[in-house]
> 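Below is the structure I would like to discuss, written out as C-alpha cells.
Every number for a ligand or one of its atoms is a count from 1 in the order of the listing. Numbers here are sequence positions counted from 1. Values below: every heavy atom of this structure, side chains too, minus hydrogens, waters and symmetry copies. Predicted, not measured: the structure shown is a model, and the values here were computed from it.
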Amino acid sequence: TPDLPLAHQRVLVTAGGTREALDPVRYISNRSSGKMGYAVAQAAREMGADVTLISATRNLPVPTGVKVVYVQSAADLLAQVSTEFPTTDLLVMAAAVSDYRPVQSATEKIKKPADHADLTLQLTETPDILKRLAPQKTHQYVIGFAAETQHLMTNAQRKLTSKKLDLLVANDVSKPGVGFNGDTNQVTLLQPNQAPIKTALLSKIEIARTILTTAVAAGAVQA
Ligand code: C5P
C-alpha cells in the first residue's frame, strides 16, 4: 500500500543474544530474549516495509510477512548484516551482541581435568558491528539500542555519537518491567541535536511503533 509510512522501504532488524561457542555443546551468551527486535520487525512490516530479521534467537514466532535469517555468533551477525547493509534503507540493531568470545572454540567437548583444577577461559573482543558499518553509510538510517544498569543517559549519549547513529533507544534494564525478558519496556529515544523523548511503560509492540514513527518523523524515509 503506497500510503503506509514505510512502503517500498527495506528494513533490516537484528534481534536476540548472540552465542559464542566454547565447544560443540557449550556457549557464552546473555539474557536478551529477542522480543524487542521481533516487535520492531512486526511493526515495520505493519507500516509497509519489506522486512528482513536477522535473529540469534530461534524460539520466537516470526511475524507474518517477515523474512528471517538465523545466526549464532557476533561474527555470523557481522557477516550477514554486512551483506544486507548496502541494499538496506533502515537498520535497527536490536541484537544483544556478545562483547567477547572465547579465543578458541574446541572441536571436541571440553572434559573436566582429573585433578578438578580451576578452568580459565580466555576471551577476546568481538567486532563492533555498528562501528564497522558507520563508514559504509550512504543513505541508510541507523538505529541502535543501549541497555544499561547505571549512568544510562551518559553512556547512551556516548553510544549515539561513537556509533554515528541516527537514533538510539536507551533502556535501564535494572528497572522492573524494562528491557530483557518481559513483554513491556520503557525507553528514552536519543537523536543528534534533539531533546530526548521518554516513553511511558508500554508493550514492546507499542514501543516498536513509537521508535519507527519517530524515525519516520525525523526523515528516515527519503522522498
Ligand atoms: O556498546 P553496546 O553493546 O552497549 O551497544 C549496543 C548497540 O550496539 C546495540 O544496538 C547493539 O546491537 C550494537 N552492537 C554492535 N556490535 C557489537 C556490540 C553491540 O553493533 N559488538
Side-chain angles (χ1 to χ4, degrees), residues 11-21 27-41 43-44 51-57 60 69-86 88 90-103 123-137 140-175 178-180 185 187-192 196 204 207-208 210-212 214-215 220:
V11 175
L12 184 63
V13 183
T14 68
T18 63
R19 296 176 173 192
E20 309 302 324
Y27 59 82
I28 294 175
S29 192
N30 57 66
R31 293 185 189 280
S32 170
S33 64
K35 286 178 183 174
M36 193 61 239
Y38 274 62
V40 172
V51 185
T52 299
L53 179 59
I54 305 178
S55 179
T57 299
L60 290 177
V69 179
Y70 293 106
V71 293
Q72 288 218 38
S73 65
D76 296 343
L77 186 59
L78 172 65
Q80 200 62 45
V81 175
S82 300
T83 301
E84 304 262 356
F85 192 67
T88 293
L90 174 58
L91 169 65
V92 186
M93 276 292 297
V97 186
S98 302
D99 288 326
Y100 292 88
R101 65 170 172 81
V103 169
L123 305 178
T124 187
E125 232 181 309
T126 58
D128 190 307
I129 298 168
L130 285 173
K131 279 188 188 164
R132 291 274 186 101
L133 292 174
Q136 295 170 37
K137 264 173 87 163
Q140 291 88 349
Y141 188 95
V142 180
I143 303 179
F145 280 70
E148 302 289 343
T149 58
Q150 55 180 344
H151 310 302
L152 177 65
M153 282 306 131
T154 314
N155 287 326
Q157 193 59 54
R158 193 178 297 138
K159 280 173 197 180
L160 178 73
T161 310
S162 69
K163 296 181 192 246
K164 298 194 168 57
L165 301 173
D166 298 295
L167 180 68
L168 182 124
V169 183
N171 55 25
D172 178 349
V173 292
S174 68
K175 279 200 206 151
V178 175
F180 282 169
N185 207 354
V187 302
T188 302
L189 306 181
L190 301 186
Q191 296 170 267
K204 285 187 173 174
I207 296 280
T210 304
I211 294 166
L212 294 175
T214 303

> Pick from V69, V51, V142, T52: which one makes a side chain to side chain contact (heavy atoms under 4.5 Å, CB included) with L12?
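Only one of V69, V51, V142, T52 forms a side chain to side chain contact (heavy atoms under 4.5 Å, CB included) with L12, namely T52.
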> Going by distance alone, is a donor N or O of one side chain under 3.5 Å from an acceptor N or O of the other, for Y38 and S55?
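S55 and Y38 do have a side-chain donor-acceptor pair below 3.5 Å.
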> Going through the distances and angles, do V81 and R132 end up as a side chain to side chain contact (heavy atoms under 4.5 Å, CB included)?
CA-CA 10 Å; V81 175; R132 291 274 186 101; over 6 Å; no
> Surrounding NZ of K164 (heavy atoms of other residues, nucleotides or ligands, distance under 6.0 Å), is the total greater than 12?
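12 or below, so no.
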> Side chain to side chain contact (heavy atoms under 4.5 Å, CB included), that's the test. Do E20 and Y100 meet it? Break it down for me.
CA-CA 8 Å; E20 309 302 324; Y100 292 88; over 6 Å; no
> Return a table of N or O atom pairs, ligand 1 on one side and protein on the other, at distances under 3.5 Å, rounded to 0.1 Å.
unit_1   : atom_1 : unit_2 : atom_2 : d
ligand 1 : 1 (O)  : K163   : NZ     : 3.1
ligand 1 : 4 (O)  : K159   : NZ     : 2.3
ligand 1 : 5 (O)  : K163   : NZ     : 3.2
ligand 1 : 8 (O)  : K163   : NZ     : 3.1
ligand 1 : 10 (O) : M93    : O      : 2.7
ligand 1 : 10 (O) : F145   : N      : 2.9
ligand 1 : 10 (O) : F145   : O      : 3.4
ligand 1 : 12 (O) : M93    : O      : 3.2
ligand 1 : 12 (O) : A95    : O      : 2.7
ligand 1 : 16 (N) : I129   : N      : 2.9
ligand 1 : 20 (O) : I129   : N      : 3.4
ligand 1 : 20 (O) : L130   : N      : 3.0
ligand 1 : 21 (N) : P127   : O      : 2.8

> Considering residues at least two apart in sequence or located in another chain, which fulfil the salt bridge (charged side-chain N to carboxylate O under 4.0 Å, His left out) criterion with D99?
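D99 satisfies salt bridge (charged side-chain N to carboxylate O under 4.0 Å, His left out) with no residue once adjacent residues are dropped.
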